[in-house]
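For the numbers below, each heavy atom of this structure counts, side chains included, while hydrogens, waters and symmetry mates do not. The first residue of the sequence shown is numbered 1, and numbering continues consecutively from there.
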Amino acid sequence: MAVTKEFKRILLDEDKKHLSKIVNQIEKFRPLLQKLKEKFEGLDLGMLTDEVYQELVSQGSKRLAQEHLKNLNAQCEKAGITSQIIKEGFYKTSQDQINQLNDVLGKLKNLRPIDISSATNFNVPALRPTDIYYSQKRDLFMVGPEQKEKLLEKYCRVYIETEKEKTAVTALENLVKAYNEFTSITDGSLLRFYGLKSLSSFVVDHIEINAGNRAANNKVEVLKEAKVKSKDLVLAMV
């Protein structure tokens with residue numbers, strides 16, 4: 001029995017401009033990110049680290065709030081504070097601090113950093129708080145190299161993933177080459193033919209595959225349409 005060789009996918013397109021549109025959204029987050037840092041460090045649980053930041057934006061503050069309360073109880077015990085009234089005052093202040101942290105967290109998670117109604121933002125995904133990295137050394141929130149690589153892979157790259165897709169893309173490239181050669185030798189003198197106009201429109205609209213709209217998912221369908229358009233061209237020129 002023949003063993004089917006696994007197809008090694010081929011990178012077809014990588015859209016760095018699309019990545020920039022995603023990464024630049026971090027500026028909308030900065031005020032809330034700074035508030036988050038201040039509210040966390042106000043709990044006296046140490047300085048903010050990326051590990052703590054990722055826990056906050058992915059899991060919430062529950063574990064850290066419990067740790068804060070545990071530390072508060074230990075401090076009261078160490079200081080010999082037995083008055084329930086005094087303890088309740090401390091607990092109220094503590095809970096207020098946690099509520100403020102949770103309020104910032106909620107705003108951070110609900111923030112929409114991009115205007116999806118704008119035509120220039122069509123198909124641009126929104127940056128998420130989990131896509132952001134906190135560098136304690138630089139005291140800076142950023143989209144680091146690791147996060148950029150993940151965003152590139154998820155949103156900005158198109159791969160040929162099967163032999164059928166490889167064949168389809170090759171056919172499309174040949175179609176573009178033939179079209180360019182045809183227009184160069186006719187010097188535009190045959191542009192009155194409707195079929196040629198149809199093919200020209202097809203080339204502009206469909207052959208320039210870009211990662212932003214994930215056109216790779218339709219490579220086979222695009223090839224089928226190309227064949228139809230090519231037939232239209234031939235018929236129009238007969």
Side-chain angles (χ1 to χ4, degrees), residues 9-42 47-65 98-161 165 169 201-219 221-222:
R9 63 182 188 163
I10 303 168
L11 180 63
L12 179 66
D13 184 68
E14 181 177 274
D15 193 341
K16 292 290 184 66
K17 290 182 180 180
H18 197 63
L19 176 66
S20 295
K21 287 183 179 181
I22 302 172
V23 171
N24 291 341
Q25 296 171 38
I26 192 174
E27 299 306 321
K28 296 291 180 90
F29 284 97
R30 290 201 186 281
L32 285 173
L33 290 169
Q34 189 57 38
K35 283 185 180 180
L36 182 71
K37 179 177 181 293
E38 292 171 0
K39 297 303 179 183
F40 169 75
E41 293 181 351
M47 303 296 288
L48 183 69
T49 64
D50 184 61
E51 183 180 0
V52 170
Y53 168 74
Q54 297 300 335
E55 178 181 349
L56 283 169
V57 295
S58 61
Q59 301 175 35
S61 66
K62 184 176 180 179
R63 187 191 68 80
L64 295 168
I98 293 169
N99 289 342
Q100 290 173 23
L101 175 66
N102 288 335
D103 181 60
V104 177
L105 262 179
K107 290 178 180 177
L108 191 64
K109 291 179 179 180
N110 292 325
L111 178 66
R112 296 294 176 264
I114 189 168
D115 180 10
I116 59 176
S117 66
S118 171
T120 58
N121 294 330
F122 179 69
N123 275 345
V124 178
L127 188 71
R128 302 168 302 172
T130 50
D131 297 322
I132 298 170
Y133 167 78
Y134 175 68
S135 171
Q136 190 176 21
K137 183 177 181 179
R138 298 173 63 183
D139 188 20
L140 180 68
F141 289 95
M142 58 192 288
V143 181
E146 184 179 339
Q147 289 73 33
K148 287 181 180 178
E149 174 61 25
K150 289 179 180 179
L151 291 170
L152 273 170
E153 190 68 15
K154 187 173 183 180
Y155 299 116
C156 307
R157 288 175 180 156
V158 175
Y159 290 93
I160 298 172
E161 298 184 351
E165 287 186 347
V169 171
S201 175
F202 166 75
V203 171
V204 172
D205 293 341
H206 297 289
I207 293 181
E208 293 181 355
I209 299 172
N210 72 61
N213 61 21
R214 311 302 291 171
N217 294 331
N218 298 312
K219 283 192 283 287
E221 286 73 14
V222 168

So [Y] and [X], do their side chains get closer than 4.5 Å, heavy atoms only?
X	Y	result
M142	I132	no
C156	L151	no
L11	R157	yes
H18	P125	yes

Q) Does CD belonging to Q59 count more than 12 external heavy atoms closer than 6.0 Å? A)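 Correct, the count exceeds 12.
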
Q. So which of D131, N24, L19, I26 actually passes side chain to side chain contact (heavy atoms under 4.5 Å, CB included) with V143?
A.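 When D131, N24, L19, I26 are each tested with V143, the side chain to side chain contact (heavy atoms under 4.5 Å, CB included) holds only for I26.
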
Can you tell me how far the [atom1] atom of [X] sits from the [atom2] atom of [Y], to the nearest 0.5 Å?
X	Y	atom1	atom2	value
I160	L12	CD1	CG	5.0 Å
T130	L108	OG1	CG	10.0 Å
F29	L111	CZ	CG	4.5 Å
S20	Q25	OG	CD	11.0 Å
R63	L56	CZ	CG	9.0 Å
D50	E55	CG	CD	11.5 Å

Q. Which atom names give the shortest non-hydrogen contact between F40 and L64, and what distance separates them?
A. CE1-CD1, 4.1 Å

Q | Atom of V57, atom of K109 and distance for their closest heavy-atom approach | A | O-CE, 3.3 Å

Q) Is R138 reaching over with its side chain to a backbone N or O of Q136, donor-acceptor style, under 3.5 angstrom? A)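 Flag not set: sc R138 to bb Q136 has no pair under 3.5 Å.
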
Q) So, the side chain of Q54 versus the backbone of E51: is there a donor-acceptor pair under 3.5 Å, distance only? A)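 No, Q54 side chain to E51 backbone: no donor-acceptor pair under 3.5 Å.
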
Q. Would you call K148 and E153 a salt bridge, taking side-chain N to carboxylate O under 4.0 Å as the test?
A.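 No salt bridge links K148 with E153.
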
Q. Would you call R30 and E27 a salt bridge, taking side-chain N to carboxylate O under 4.0 Å as the test?
A.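 Looking at R30 and E27, the cut-off is met.
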
(Q) When you compare the side chains of D15 and Y155, does any donor N or O come within less than 3.5 Å of an acceptor on the partner? (A) no

Q: Show your working on side-chain hydrogen bond (donor to acceptor under 3.5 Å, both in side chains) between D13 and Y159 and close with a plain yes or no.
A: CA-CA 7 Å; D13 184 68; Y159 290 93; over 6 Å; no

Which donor-acceptor pairs under 3.5 Å do the side chains of residues 31-38 make with protein atoms, sequence neighbours left out?
from : atom 1 : to  : atom 2 : distance (Å)
K37  : NZ     : E41 : OE1    : 3.3
K37  : NZ     : E41 : OE2    : 3.3

Q: Using the test ring-ring contact (aromatic ring centres under 6.0 Å, His included), find all partners of Y53 that sit at least two apart in sequence or belong to another chain.
A: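 With neighbours one apart ignored, the set is F141.
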
Q) Does the side chain to side chain contact (heavy atoms under 4.5 Å, CB included) test come out yes or no for Y134 and L48, once each step is laid out? A) CA-CA 8 Å; Y134 175 68; L48 183 69; 4.2 Å; yes

(Q) As a quick check of understanding, evaluate salt bridge (Lys or Arg N to Asp or Glu O under 4.0 Å) for K16 and E14, giving each step before the final call. (A) CA-CA 6 Å; K16 292 290 184 66; E14 181 177 274; 3.5 Å; yes

